[in-house]
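Order of the sequence lines fixes the chain letters, A, B, ..., with proteins taken first and strands second; residue numbering starts at 1 for each chain.
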2 protein chains.
Amino acid sequence: MSTARPASLPTIKRLPSYLQIIENARDDGREFISGTVIADELELEPIQVRKDLAVTGIVGKPRVGFSVSELIEAISAFLHWNKVNRSILLGAGHLGTALMGYSEFRRHGLSIIAAFDPSPERHDLVINETRILPMDDLDDFIRREQPEIAILTVPSSVAQQTADQVIAAGVRSLWNFTNVKLKVPAGVVVQKEDLSSGYAVLSVKMGLAAHSAECSDDPAPLPGGRTSTI
Amino acid sequence: MSTARPASLPTIKRLPSYLQIIENARDDGREFISGTVIADELELEPIQVRKDLAVTGIVGKPRVGFSVSELIEAISAFLHWNKVNRSILLGAGHLGTALMGYSEFRRHGLSIIAAFDPSPERHDLVINETRILPMDDLDDFIRREQPEIAILTVPSSVAQQTADQVIAAGVRSLWNFTNVKLKVPAGVVVQKEDLSSGYAVLSVKMGLAAHSAECSDDPAPLPGGRTSTI
DNA sequence: TAGATTGTTAATCGATTAACAATC
DNA sequence: TAGATTGTTAATCGATTAACAATC
């Protein structure tokens, strides 16, 4: 394995899907896997998989493919998924609770060390090994435990003020599941998950599919073809 | 308003965020909004907003901007969000329950007419106006009610078989929240939401931020700069 | 009018894809 | 060896951005 290179955002987004395939291969006892096989499973082009994997610094063997264990190590290292990311979750509603239960994230270093919620009836409940604490404890907890990430699953109406509070207490990275575009000071990282985007893409795809079913037998790829699988 | 044009996937994904800003403007009683204002709020380039809005066929007024009501109509029509999409939800766990409660989707045409779950203790519960039914009712329900969309929030282990079942019963569009790459027949639309991609992007951004904080005062944009806000 | 904004046409930039030599 | 696969270099494609005339 040589050194990692800079990667484009589309590449970074595809790496987790590769990792999943490769971890499955490991669980099946396989020692090597080729870019071609990964591409087949994900319906991507082999050259794209090779290019993407190259950013991790992995070096393969012609004719054989890549070492499964080296590939897992390389992707995990590239994504920083081989270290623990201590995080807190704000808003223990259904979405927040769902995230607490995702073992996939936990396996890849995301450790949710506490959740915070204003509802007194939820306090001290332990869901998926994570205790729910009152909002009043938030500032002290952050200063004491120094979590790196705050996961925002609060209602949109309190998203900005919650972000302000955790940033003031020292959190430098936010994973924002609300539909609010947060205003944060320079140096604070925000990753926004936008389910509306997905709904929009689904809606447009459905419209195209309906149209092509009515009007012709042609398969109707999304306009913008090549990138339609993102 | 002239006719809608084909749009790229990045454009389609940005349209919902524009719509949100514009709906806020409407709620504030504003009649016109310019691309510049939208761009400012979302930290995008004005030219990108103008280009994106153009795909909906909207025509603006120089110096004034776009009619708020026309813009809402144009984006909604382009996304097919001004018609009702009858959908069913498979797997009434925390994530599924969270989706049932998202009024944003309901306002934009997504009507979840029923949820299905194997747990007997959840049957006939009504959550956010949606009744939870046993899996045994699924086939009959689909044939009777003809929902257009199936939302998959089931465990990964049963994702493929659940998809097979709803497709066999007549559903043509899947919104897939599992981490399984579904195999579906031609003509079936699948939109996959991938939270792991978001976690990967967050992790890499954090790594870059940490590195730049240690090594220099430079702001450290993601490699691949221009598209780093996706 | 002056000036902000739209919308078009052209330029740039970067991601994807192709071609192919190297390799085991 | 033969042939599949890697990895590099070049070409293509499309999305973003720039420039600017038109417009109210």
Side-chain angles (χ1 to χ4, degrees), chain A residues 1-15 18 22 25 30-40 42-68 70-71 74 201 221-230, chain B residues 1-15 18 22 25 30-40 42-68 70-71 74 201 221-230:
Chain A
M1 184 179 355
S2 72
T3 47
R5 309 169 202 184
S8 71
L9 209 53
T11 293
I12 294 169
K13 289 186 175 182
R14 284 188 294 265
L15 288 175
Y18 301 160
I22 298 159
R30 304 196 42 196
E31 282 190 43
F32 287 88
I33 190 168
S34 76
T36 315
V37 168
I38 297 172
D40 278 351
L42 294 170
E43 296 177 39
L44 299 174
E45 296 300 319
I47 176 59
Q48 183 167 59
V49 174
R50 290 206 301 277
K51 267 272 159 96
D52 285 343
L53 293 179
V55 305
T56 68
I58 189 77
V59 173
K61 290 198 214 307
R63 191 176 147 79
V64 179
F66 302 88
S67 157
V68 164
E70 278 183 23
L71 210 34
V201 175
L222 254 196
R226 237 179 351 193
T227 52
S228 71
T229 50
I230 286 183
Chain B
M1 183 178 2
S2 73
T3 48
R5 310 170 199 182
S8 71
L9 208 52
T11 293
I12 294 168
K13 289 185 175 183
R14 283 187 295 265
L15 287 176
Y18 301 160
I22 298 159
R30 304 196 41 195
E31 282 190 44
F32 286 88
I33 190 168
S34 75
T36 314
V37 168
I38 297 172
D40 278 350
L42 295 170
E43 294 177 39
L44 298 174
E45 295 299 319
I47 175 62
Q48 184 166 59
V49 174
R50 291 206 302 275
K51 267 271 158 97
D52 285 344
L53 293 180
V55 306
T56 67
I58 189 78
V59 173
K61 291 199 211 309
R63 191 178 149 80
V64 179
F66 302 88
S67 155
V68 164
E70 278 183 23
L71 210 33
V201 175
L222 254 196
R226 239 179 347 194
T227 51
S228 70
T229 50
I230 286 184

Colleague: Roughly, in whole Å, what's the span from CZ in A:R50 to P in C:dA15?
Modeller: 19 Å

Colleague: Please determine whether any donor N or O and acceptor N or O are separated by less than 3.5 Å between the side chain of A:K51 and the base of C:dT17.
Modeller: yes

Colleague: Give none if D:dT9 has no partner; otherwise give the nucleotide forming a Watson-Crick or G-U wobble pair with it, both distances under 3.5 Å.
Modeller: C:dA18

Colleague: Kindly determine whether B:L44 and B:R14 satisfy side chain to side chain contact (heavy atoms under 4.5 Å, CB included), including the steps that lead there.
Modeller: CA-CA 10 Å; B:L44 298 174; B:R14 283 187 295 265; 4.0 Å; yes

Colleague: Distance check: side-chain N/O of B:R14 vs OP1/OP2 of D:dT16, anything under 4.0 Å?
Modeller: yes

Colleague: Once you round it to whole Å, what is the distance between P of C:dA15 and CD1 of A:I12?
Modeller: 10 Å

Colleague: Are side-chain heavy atoms of A:L53 and A:I38 found at a separation under 4.5 Å?
Modeller: yes

Colleague: For A:E45 and D:dT5, what is the distance between atoms CD and P respectively, to the nearest whole Å?
Modeller: 15 Å

Colleague: What's the closest nucleotide to the B:T36 side chain, out of D:dT6, C:dT6, D:dT16?
Modeller: C:dT6

Colleague: Looking only at heavy atoms, what is the nearest atom pair of B:T36 and B:P46, with distance?
Modeller: CA-CB, 4.3 Å

Colleague: Work out which heavy atom in B:F66 is nearest to a heavy atom in B:L71; give both atom names and the distance.
Modeller: CB-CD2, 3.4 Å

Colleague: Would A:E45 and A:V49 count as a side chain to side chain contact (heavy atoms under 4.5 Å, CB included) if you check the C-alpha gap in whole Å, the side-chain angles of each, and the deciding distance to 0.1 Å?
Modeller: CA-CA 7 Å; A:E45 296 300 319; A:V49 174; over 6 Å; no

Colleague: Taking only the side-chain heavy atoms of A:F66 (C-beta and beyond), determine which of C:dT6, D:dG7, C:dT16 contains the nearest atom.
Modeller: D:dG7

Colleague: Given that A:G35 and A:R63 both sit by DNA chain D, which one's nearest nucleotide is further toward the 5' end?
Modeller: A:R63

Colleague: Is there a Watson-Crick or G-U wobble partner for D:dC24 with both distances under 3.5 Å, and if so, which one is it?
Modeller: C:dG3

Colleague: Map A:P62 and A:D52 onto DNA chain C by nearest heavy atom, then report which one ends up closer to the 5' terminus.
Modeller: A:D52

Colleague: Could you tell me the separation between the CZ atom of A:F32 and the P atom of D:dA4, rounded to a whole number of Å?
Modeller: 19 Å

Colleague: If you find the nucleotide of DNA chain D closest to A:I47 and the one closest to A:V64, which residue's nucleotide is nearer the 5' end?
Modeller: A:V64

Colleague: Roughly how many Å is it from CD1 in B:I58 to P in C:dG7, rounded to a whole number?
Modeller: 8 Å

Colleague: Return the value, rounded to whole Å, for the distance between atom CG of B:L53 and atom P of C:dG7.
Modeller: 9 Å

Colleague: So which nucleotide from D:dT16, D:dG7, C:dT8 ends up closest to the side chain of B:S8?
Modeller: D:dT16

Colleague: Assign each of B:A54 and B:V37 to its nearest nucleotide of DNA chain C by heavy atoms, then name whichever residue's nucleotide is nearer the 5' end.
Modeller: B:V37

